[in-house]
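Letters go in sequence order (proteins before strands), and every chain restarts at 1.
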Protein chains: 2
Amino acid sequence: MSGRPDPARATSADVARLAGVSRATVSFVLNDTEPGRVSDATRARVRAAAEQLGYVSNAAARALRAGRSNLVLMPATQAAIGRLVSDWLDDLQQALHEYGYTLVLHGGRGAGPVEVARAWAEMRPAAVLAPVPGLTPAAVELLHTAGVRAVIATGGEPVPGAHTLIFRQEELGRLAAAHLIERGRRRLAVLMPGERGLDAFAAERLAGVRLAAEGQGVEVTPVPLRYDWDDALALARSWPGFDGVFGYNDDYALLLVRALQEVGLEVPGAVAVAGADDLLPGRIARPALTSVRIDLSGAGELAALVHRLIEEPAEAGVVDTVRMQLIVRDST
Amino acid sequence: MSGRPDPARATSADVARLAGVSRATVSFVLNDTEPGRVSDATRARVRAAAEQLGYVSNAAARALRAGRSNLVLMPATQAAIGRLVSDWLDDLQQALHEYGYTLVLHGGRGAGPVEVARAWAEMRPAAVLAPVPGLTPAAVELLHTAGVRAVIATGGEPVPGAHTLIFRQEELGRLAAAHLIERGRRRLAVLMPGERGLDAFAAERLAGVRLAAEGQGVEVTPVPLRYDWDDALALARSWPGFDGVFGYNDDYALLLVRALQEVGLEVPGAVAVAGADDLLPGRIARPALTSVRIDLSGAGELAALVHRLIEEPAEAGVVDTVRMQLIVRDST
DNA sequence: GTGAAAGCGCTAACAG
DNA sequence: CTGTTAGCGCTTTCAC
């Protein structure tokens, strides 16, 4: 029982017919291209006709004609990372909008990086912005071949063929671990979240901890932890005597802190715990959580970079904007 | 406009040429339509040619041809709401993918609902899924006129012209407030977050609290609170003697609890506080936070509904899947 | 100041 | 079993 008949979706040809002009004129008027070309009277007629018909332009047709869409794609998993990131995304979206682009979070969950990249490439986005683990050289190659102008990776190491926004996940681990070691901790645990999409970041942060520990006579152990109270409690109950913890981020760190407290292990007395992201819950926790602050400002600059790369594709380059800073509080 | 020659993006015509077949055959092979129509040998040749050229189909062309895209659009602001929602989105994305749809979080920040709806309509999505405040009747009308098959609203009241997924924000407030009142609280505060995108929800939740308070001799006061420690502290310092609080959600509730504790106001002794969402931080807080649990299960069912509505548009209907449940803990 | 017309890449009748 | 072909709606050159 198809409820409503497909209403005749108005096309620019319909608008042209109603306004008594050609489709070309409609295009000129509605896009404000070639300013003084169409007379004011005609413009008004066209506008009125479009209004009357409820005309909405067809992005697919425009994209087909232009050879690319005005979409800027990011993986949606990014959004799930936390408040820090989602607030920043909002700024980025705003900034891109001012250049005429539409930020789209694409939930491309596929078998592997290349499958995901293919799904993205099909949309012929103007730009793709993604963390390194997803942008393998093959994926970058595929995107370029499909005509994506700007491929921007965020990660620790420059990605061949792509512009890279350096964001050293390792640095998070390194800063926190160096601090823990300086505080005299010698048996470090690194929480490894089991949650989707986080494993790649966790591995890099762990590498940073290892870097800081190197040659210091410090033992580093990755410890899996799901974001789940029972899991945390089980871990705390069979605590293997680590005296320092880097908690992946504030969420996981706080979870562990509470579990340790629950089983009578003092923080920071028995165990010092540091997180990352410097979010509000950590700041107001007791003890207040030592954390690594990530300065994700510069959404405007990033939007400008994206625009520049789209306009004139350049050789792969490297931009370094993300600043990090250790914030020492009571948990270490 | 383009400064450099675009790399030769392979089209289906290129694949056809290389494989020595027609474009139609390429289409049949790569889409697996009409099985048994093309010989195995030809299929293999086509596949090899596509592979060799790095062929990626063009979604815009397909959408233009099909009259609609395979996109399911949601406002991206939804993603920023919290872990509860973003986890659920991940499930939804997965479920939709199995039907061949692509979930896209669209950061359409525009002047008003109609402008945003227009931006969505341009993409000719198969379906749009959005909370009621954004889907005014005019916006729904616009989407339908543009040919969007399934328009699904989530909110407390059925939206004319759209399928509505009933999600009574008020119920959150009502459940929490009824509980507070039962506990003997008579001067209730309702936290009203100032953050972007949350005000509409906050207003509905407040309405729910008012509903519960009606005729009970209970005073209800909306209290603005930004998600910010200083703001919370200032509020706590000049606490106007409320004895019960509904905190919008767990995040804001926890923030206030900490601020109240900081200024020596006992929770729940002096002030009882309830939140919503039943997230982990509230469960492990001290005192553990009373909350309203929202059961957002059914991503699979929703995906099925979306698919059904796209396949055969039906009269606007109402679906009621979201269950809510008060979880009483120590903070009240 | 305005219109005609050529495609962009794809799918699906229809012909062979 | 495979090919030919007609558009989907839009922009933009070129001609009037």
Colleague: Tell me whether the side-chain N/O atoms of S22(A) come closer than 4.0 Å to OP1 or OP2 in dG3(C).
Modeller: yes
Colleague: What is the distance, to the nearest angstrom, from the CG atom on N58(A) to the P atom on dC8(D)?
Modeller: 12 Å
Colleague: Let me know the distance between CZ of R17(B) and C1' of dG9(C), rounded to the nearest Å.
Modeller: 12 Å
Colleague: List the residues meeting side chain to side chain contact (heavy atoms under 4.5 Å, CB included) with D40(A), not counting sequence neighbours, and say none if there are none.
Modeller: R43(A)
Colleague: Specify the separation, in whole Å, of atom CG of D14(A) and atom P of dC8(D).
Modeller: 11 Å
Colleague: Which one, dC8(D), dT11(D), dT2(C), comes nearest to the side chain of N31(A)?
Modeller: dT11(D)
Colleague: Nearest 0.5 Å, please: how far is CG in L302(A) from NE2 in H307(A)?
Modeller: 13.5 Å
Colleague: Distances under 3.5 Å only, N/O to N/O: pair up the protein atoms with those of nucleotides 12-16 of chain D.
Modeller:
from, atom 1, to, atom 2, distance (Å)
dC14(D), N4, R37(A), NH2, 3.4

Colleague: Find which nucleotide of DNA chain C each of G20(A) and A13(B) is nearest to by heavy atoms, and output the residue with the more 5' nucleotide.
Modeller: G20(A)
Colleague: Return the value, rounded to whole Å, for the distance between atom CG of L64(B) and atom P of dG7(C).
Modeller: 17 Å
Colleague: Compile the donor-acceptor pairs under 3.5 Å between side chains in residues 122-137 of chain B and protein atoms, sequence neighbours left out, one pair per line.
Modeller:
from, atom 1, to, atom 2, distance (Å)
E122(B), OE2, S57(A), OG, 3.4
R124(B), NE, A146(B), O, 3.4
R124(B), NH1, S57(A), O, 3.2
R124(B), NH1, A121(B), O, 2.9
R124(B), NH2, V56(A), O, 2.7
T136(B), OG1, A139(B), N, 3.2

Colleague: According to side chain to side chain contact (heavy atoms under 4.5 Å, CB included), who are the partners of L309(A), at least two apart in sequence or on a separate chain?
Modeller: A150(A), I152(A), H163(A), L305(A), A314(A)
Colleague: Could you state the CG-C1' distance from L30(B) to dG9(C), rounded to the nearest angstrom?
Modeller: 13 Å
Colleague: Roughly, in whole Å, what's the span from CG in L53(B) to C1' in dG9(C)?
Modeller: 15 Å
Colleague: Of the nucleotides dG1(C), dT2(D), dT11(C), which one has an atom closest to the side chain of S39(A)?
Modeller: dG1(C)
Colleague: To the nearest 0.5 Å, what is the distance between CG (L105(B)) and CD (Q93(B))?
Modeller: 9.0 Å
Colleague: Quick one: D32(B) CG to dT11(C) P, roughly how many Å, whole number?
Modeller: 12 Å
Colleague: Any side-chain N or O of T42(B) under 4.0 Å from OP1/OP2 of dT2(D)?
Modeller: yes
Colleague: So, using salt bridge (charged side-chain N to carboxylate O under 4.0 Å, His left out) as the criterion, who are the partners of D91(A) when residues are at least two apart?
Modeller: R196(B)
Colleague: Mind checking side chain to side chain contact (heavy atoms under 4.5 Å, CB included) for A50(A) and listing every partner two or more places apart, or none if nothing turns up?
Modeller: V15(A), L30(A), Y55(A)
Colleague: Of the nucleotides dC1(D), dG9(D), dT11(D), which has the atom closest to the A61(A) side chain?
Modeller: dG9(D)
Colleague: Under 4.0 Å, counting only non-hydrogen atoms across every strand here, what does V26(A) touch: a base, just sugar-phosphate, or nothing?
Modeller: nothing
